[in-house]
Amino acid sequence: MTATLPADAHVHSEWSWDCGSDPASHGSMVRTCERALRIGLPAIVFTEHLDFEHDWRVEDGDIGEHAQRYVDESGHVRLPEFDVEGYLTAIERCRHDFPDLRILTGVEFGQPHLRDAHAAALLSSGVIDRVNGSLHMLPFDGADRTEPTTLYRHMPADDVMWSYLEEIPRMVAGSDSFAVFTHIDYAVRSWPVATAGPFDPRRFEDGFRAGMRAIAASERGLEMNTRRLWPWIPQWWAEEGGRAVTFGSDAHGPDMLAAHFPEATAMLEHFGFRPGARAEDFWIR
């Protein structure tokens, strides 16, 4: 008997600014739905980026080739506004064209503790099914903010990681708008192995556990981001009182949809998490 996959609850399409596609076309949303049916994925949540970062500064090579067009002469990223109407129209079209696939709306809301007021109208409208909260930015050089990728070139690696982990409880306490904390290992993605050596989570265990305790106490879910399968994340999450998880590939195109989901679900079952009634429901411990 083949186990049913959970929903991929962290997926981007051409309606996210960093996917590099033309929003006027069906683009990757349609192709992602097609792939979902091919691989037997029962449900998908298109969580497009919702960012209001006007003080995000980057350096050469930090943001990717296709997104470089959003960087002005001062090195600040000027992001396009999320086209909510176009996105919702595309969702309804896909729901019509793919009736056997449950398709939910969603956003990946960056730094909600700093930007809640900007998103209030959209998030209170009732058109968004799932709000993932992401911590991408940290203070940089005074008034600006930037991602760990840039900070690792200006600060000791350990200092960047601790700054990231210490911001997690502040984000949780400062916003009620998101239901799931995504990719808690985000700062690990760009960890500078060449200068700092392999990443050892045990050196930062107290910080990860403190962040998890804050998320758990707020009764929110933690995303199991499947770009990397770290067993210490669900282990520490369960030990710190975490009860709910979602699964997210963070796919920015069809090929990575539900990547490593069979392994991820087996790992979460090992730590006592069980699926809900519907594919998109949180897994609960």
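All values derive from a computational prediction rather than experimental measurement. This chain uses plain numbering: 1 for the first residue, then up along the sequence. Heavy atoms only: backbone and side chains are in, while hydrogens, waters and symmetry mates are out.
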Take atom NE2 in His270; do more than 12 heavy atoms of anything else shown fall under 6.0 Å from it? no
Quick check: do Val30 and Cys94 have side-chain heavy atoms less than 4.5 Å from each other? yes
Arg243, CZ: over 12 other non-hydrogen atoms inside 6.0 angstrom: no
State whether the side chain of Tyr186 and the backbone N or O of Tyr164 hold a donor-acceptor pair below 3.5 Å, judged by distance alone. no
Do you know which two heavy atoms are closest between Trp191 and Ala196, and how far apart they sit? CZ2-CB, 3.6 Å
Give the C-alpha distance, both sets of side-chain angles, the deciding distance and a yes or no for salt bridge (charged side-chain N to carboxylate O under 4.0 Å, His left out) between Arg102 and Glu280. CA-CA 9 Å; Arg102 282 186 56 77; Glu280 66 270 23; 2.4 Å; yes
Between Asp281 (side chain) and Ala277 (backbone), is there a donor-acceptor pair under 3.5 Å? yes
Is Ile215 reachable from Ile284 through a run of hydrophobic residues whose side-chain heavy atoms are each under 4.5 Å from the next? no
What distance do Leu41 atom CG and Phe261 atom CZ have between them, rounded to the nearest 0.5 Å? 7.0 Å
Is the closest basic N to carboxylate O distance between Arg202 and Glu205 below 4.0 Å? no
Please lay out, stage by stage, how Phe46 and Trp15 fare under the test ring pair (Phe, Tyr, Trp, His ring centres under 6.0 Å). CA-CA 9 Å; Phe46 283 103; Trp15 301 98; over 10 Å; no
Determine, for Glu59 against Arg153, whether the closest basic-nitrogen to carboxylate-oxygen distance falls under 4.0 angstrom. yes
Strictly distance-based, threshold 3.5 Å: is any side-chain N or O of Gln111 a donor or acceptor partner for the main-chain N or O of Met137? yes
Give me each pair satisfying salt bridge (charged side-chain N to carboxylate O under 4.0 Å, His left out) with a member in residues 171-198, each pair once, sequence neighbours excluded. Arg189-Asp250
Quick check against the 3.5 Å criterion: does Glu48 have a side-chain atom that pairs as donor or acceptor with the backbone of Ser13? yes
State, without any angle test, whether Glu223 and Thr246 hold a side-chain donor-acceptor pair at a distance under 3.5 Å. no
Identify, with sequence neighbours excluded, every residue that meets side-chain hydrogen bond (donor to acceptor under 3.5 Å, both in side chains) alongside Glu34. none
Return yes if a side-chain donor-acceptor contact under 3.5 Å exists between Thr105 and Asp129, otherwise no. yes
Give a yes or no on whether Glu219 atom CD has more than 12 heavy-atom contacts from other residues, nucleotides or ligands under 6.0 Å away. no
Closest heavy-atom pair, Pro42 versus Ala279, reported as atoms and distance to 0.1 Å, is CG-CB, 3.5 Å
Measure from NZ or CZ of Arg220 to the centre of the six-membered ring of Phe181, then state whether that distance is under 6.0 Å and the direction lies within 45° of the axis. no
Full working for side chain to side chain contact (heavy atoms under 4.5 Å, CB included) between His113 and Leu135: CA-CA 9 Å; His113 59 315; Leu135 178 59; 4.3 Å; yes
Determine, step by step, whether Asp206 and Arg209 satisfy the salt bridge (charged side-chain N to carboxylate O under 4.0 Å, His left out) criterion, reporting the C-alpha distance in whole Å, the side-chain angles of both residues, the deciding distance to 0.1 Å, and the verdict. CA-CA 5 Å; Asp206 288 347; Arg209 286 183 178 272; 6.0 Å; no
Which pair of non-hydrogen atoms, one from Trp236 and one from Pro201, has the smallest distance, and what is that distance? CH2-O, 3.7 Å
Heavy atoms, side chains only, cut-off 4.5 Å: are Phe52 and Phe109 in contact? yes
Does a side-chain heavy-atom distance below 4.5 Å link Ile39 with Leu257? yes
Ile91 and Leu104, any side-chain heavy atoms less than 4.5 Å apart: no
To the closest 0.5 Å, what do you measure between CG (Leu222) and CE (Met212)? 6.0 Å
For residues 115-125, which side-chain donor-acceptor pairs fall under 3.5 Å, sequence neighbours excluded?
from, atom 1, to, atom 2, distance (Å)
Arg115, NE, Glu53, OE2, 3.4
Arg115, NH2, Glu53, OE1, 2.9
Arg115, NH2, Asp55, OD1, 3.3
Asp116, OD1, Ser175, OG, 3.1
Asp116, OD1, Ser177, OG, 2.6
Asp116, OD2, Ser175, OG, 2.8
Ser124, OG, Ala120, O, 2.8
Ser124, OG, Ala121, O, 3.3
Ser125, OG, Leu122, O, 2.6
Ser125, OG, Val127, N, 3.4

Does some side-chain heavy atom of Cys33 sit less than 4.5 Å from a side-chain heavy atom of Asp97? no
Looking at every non-hydrogen atom in both residues, tell me the closest pair between Gly276 and Trp283 and how far apart they are. N-CD1, 4.4 Å
Identify the two heavy atoms, one from Ala238 and one from Arg285, that lie closest to each other, and give their separation to 0.1 Å. CB-NE, 3.5 Å
Trp17 and ring-ring contact (aromatic ring centres under 6.0 Å, His included): which partner among Phe82, Trp56, Tyr87? Trp56
His183 vs His136 side-chain heavy atoms within contact, under 4.5 Å: yes
Side chains of Thr182 and Ser134: do they bring a donor and an acceptor to under 3.5 Å? yes
Quick one: pull up NE2 in His96 and CD in Glu92 and give me the separation to the nearest 0.5 Å. 10.5 Å
For Glu147 and Ser190, which I'm curious about, is there any donor-acceptor pair between the side chains at under 3.5 Å? no
In sequence, state the C-alpha distance, the side-chain angles, and the governing distance for Arg78 and His54, and then conclude on side chain to side chain contact (heavy atoms under 4.5 Å, CB included). CA-CA 6 Å; Arg78 306 304 181 191; His54 302 298; 4.2 Å; yes
Roughly how far apart are Ser249 OG and Met224 CE, rounded to 0.5 Å? 14.5 Å
Evaluate the ring pair (Phe, Tyr, Trp, His ring centres under 6.0 Å) criterion for residues Phe204 and Phe199: first the C-alpha distance (whole Å), next the side-chain angles of each, then the deciding distance (0.1 Å), finally the verdict. CA-CA 10 Å; Phe204 305 97; Phe199 179 73; 5.5 Å; yes
Pairing of Asp200 and Arg203 as salt bridge, 4.0 angstrom limit: no
Start with the C-alpha distance between Phe247 and His10, add both sets of side-chain angles, then the distance that settles ring pair (Phe, Tyr, Trp, His ring centres under 6.0 Å), and finish with yes or no. CA-CA 7 Å; Phe247 296 85; His10 188 165; over 10 Å; no
When rounded to the nearest 0.5 Å, the distance separating CH2 of Trp230 from CG of Asn225 is 11.5 Å
Do Glu108 and Thr47 pair up side chain to side chain, a donor and an acceptor below 3.5 Å, judged on atom types alone? no
Side chains of His49 and Asp18: donor-acceptor distance under 3.5 Å anywhere? yes
Looking at every non-hydrogen atom in both residues, tell me the closest pair between Gly248 and Asp8 and how far apart they are. CA-OD1, 3.6 Å
Give a yes or no answer on whether the side chain of Arg274 reaches the backbone of Glu269 with a donor-acceptor pair at less than 3.5 Å. yes
Between CG on residue Asp144 and CZ on residue Arg57, distance to nearest 0.5 Å: 4.5 Å
Side chains of Ile44 and Thr32, heavy atoms from C-beta outward: is any pair under 4.5 Å? yes
Check: Val245 and Pro234 side chains under 4.5 Å, non-hydrogen atoms: no
